[in-house]
Amino acid sequence: MQGYTLFGTQLNPQLVYYPIKDLRLEAGVFLWKDFGNPQLKQVRPTFRATWTKGNQQFIFGNIRPHLNHNYIEPLFDFERVMLKPLEEGLQYRLNSKRVSLDAWVDWLRQEYPGVAYQEQIAGGLTSSFRITSDQSPVQVSIPFEFTARHAGGQIDTLHAPIQTLFNYASGVVARLPLNGRVMHAVRLNAYGLLFDDHSMGNYRLPFQNGNAFYLNGTLETRYADLMLSYWQGHQFYAPLGGKYYQSVAAREGTPGYTDPNRKLLMVRLLRDFRVADAAAVTVRVEPVYDFNRKLLDFSFGVYFNFRQEWLLGNVGQRVRVGH
């Protein structure tokens, strides 16, 4: 994989309206401008309808994307925040005392009669079940994650074979609060992952199935979070996942390159600097060591995030839910 730089701004101003207290309607425009390019990369309308019922939400239109799904990075690339900022489809979210669930469908590309490309759909779910009580000194939960990506259709002129790729992940997550002035908590996460190509014999990839092991240890401190990660993958491929973890070269890499048994050691330094109630600066420093190639690489990111709502009016003094 070759190095590259992402540098620019993305804006999504919106107007919000509550026709009833449980239904939130949002409409706006998304603007994407890369530095060093005088043209806007994207200008797109956005629309979201969110119906909230207790601890459940049903979302139609521009769903809550990328980081809101809470995937591990091998299944869902962190850089999708910048490279695929909008997701359009349906979403169901549940957040109860012990269970959290996010099920979603993202329609990546619509197909029309006579076009020379396939329709593309992605979807999946993330869930977590807490098995310990509120009084337990260690909080332990069991996660399950799934992604699917499909390319196909019957009305295009491409006549390419259908491709359907599945990924699964599950394991255990534990967090021990330290309650210190500097040391806040320790987290340990262990995941087993699977890759399965369900393309009905019309395989485009060099591997049809694979597996992986992903181990994380995180120290939460007053100043930053320090994470140590180990990855070992065998013929693993996740089309939505982080590029470092794949046994098949990314689009930015060497065409046709494969690494059937991939072993990585990563250190992440993560820090959020709060600028104001609605603004924060996030810093990520991530050196990565590739055991097979005996190569040390790194990535570095600085992100400024601003999210603010201003009440322009409240017709009928309605109560609002579902922010």
For residues 141-154, tabulate all N or O donor-acceptor pairs below 3.5 Å that involve a side-chain atom, not counting sequence neighbours.
unit_1 : atom_1 : unit_2 : atom_2 : d
E145   : OE1    : I72    : N      : 3.1
R149   : NH2    : Q120   : OE1    : 2.6
H150   : ND1    : T164   : OG1    : 2.9

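No more than 12 heavy-atom neighbours from other residues, nucleotides or ligands sit within 6.0 angstrom of CZ on F7. Counting non-hydrogen atoms of neighbouring residues, nucleotides and ligands closer than 6.0 angstrom, the CZ atom of F129 exceeds 12 such neighbours. Within a 6.0 Å radius of CG in L15, other residues, nucleotides and ligands contribute 12 heavy atoms or fewer. Heavy atoms from other residues, nucleotides or ligands lying under 6.0 Å from OH of Y303 number more than 12.
Under the 4.0 Å criterion applied to side-chain N and carboxylate O atoms, K84 and D106 are assigned as salt-bridge partners. Using a 4.0 Å cut-off between charged nitrogen and carboxylate oxygen, E79 and R284 do not count as a salt-bridge pair. Ion pairing between D259 and K263 fails under the 4.0 Å rule for side-chain N and carboxylate O.
Side chains of T52 and D22: no donor on one and acceptor on the other come within 3.5 Å. Checked by atom type, the side-chain pair N216/S229 shows a donor-acceptor distance below 3.5 Å.
A pairwise comparison of heavy atoms in P161 and N202 identifies CB-CB, 3.2 Å as the closest pair. Across every non-hydrogen atom of A238 and P74, the tightest pair is CB-O, 3.4 Å. Between H66 and P85, the shortest heavy-atom contact is NE2-O, 3.4 Å. Across every non-hydrogen atom of P206 and T258, the tightest pair is CG-CG2, 3.7 Å. Closest approach of Q235 to F195, counting heavy atoms only: O-CD2, 3.6 Å. In this structure, T132 and V140 approach most closely via the heavy-atom pair OG1-N, 3.1 Å.
Looking only at distances, no side-chain donor or acceptor of Q10 sits under 3.5 Å from a matching main-chain atom of F30. Within the 3.5 Å criterion, the main-chain N or O of V29 finds a donor-acceptor partner in the side chain of N12. When atom types are taken as modelled, the side chain of T221 and the backbone of A224 share a donor-acceptor pair closer than 3.5 angstrom. One N or O on the side chain of R98 and one on the backbone of R130 form a donor-acceptor pair closer than 3.5 Å. Judged purely by atom type and a 3.5 angstrom limit, Q139 uses its side chain to pair as donor or acceptor with the backbone of S133. Between the side chain of Q118 and the backbone N or O of A160 there is at least one donor-acceptor pair closer than 3.5 Å. With hydrogens and angles ignored, the 3.5 Å screen pairs a side-chain donor or acceptor of D290 with a backbone N or O of R293. Looking at Q246, its side chain does come within 3.5 Å of a backbone N or O of G242 through a donor-acceptor pair. Remark: side-chain polar atoms of N292 are paired, donor with acceptor, to backbone N or O of N261 under 3.5 angstrom. In this structure a side-chain-to-backbone donor-acceptor pair under 3.5 Å is missing from Q57 to T50.
A search for side chain to side chain donor-acceptor pair (under 3.5 Å) contacts involving Y289 returns nothing, not counting sequence neighbours. For E220, the salt bridge (Lys or Arg N to Asp or Glu O under 4.0 Å) partners two or more places apart in sequence, or in a different chain, are R175, R187.
Using a 4.5 Å heavy-atom cutoff, the side chains of P239 and N167 are in contact. Here the side chains of Y112 and Y117 are in contact, with some heavy-atom distance below 4.5 Å. A 4.5 Å side-chain heavy-atom check between Y244 and D297 finds at least one atom pair inside the cut-off. L240 has its side chain out of reach of L75: every pair of non-hydrogen atoms, C-beta onward, lies at least 4.5 Å apart. For the pair M266 and E73, the minimum side-chain heavy-atom distance is 4.5 Å or more. With contacts defined as side-chain heavy-atom distances shorter than 4.5 Å, the pair T46/E26 does not qualify.
Taking hydrophobic clusters as Ile, Leu, Val, Met, Phe, Trp and Tyr residues chained together by side-chain heavy-atom distances below 4.5 Å, L270 does not share a cluster with V288. V105 and F58 fall into different hydrophobic clusters, defined by Ile, Leu, Val, Met, Phe, Trp and Tyr side-chain heavy atoms under 4.5 Å apart, directly or through other members.
Separation of the Y214 and F236 ring centroids does not fall under the 6.0 Å cut-off.
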Practice task
Could you walk me through whether R204 and D197 pass salt bridge (charged side-chain N to carboxylate O under 4.0 Å, His left out), step by step?
Solution key: CA-CA 9 Å; R204 308 184 202 176; D197 189 337; over 6 Å; no
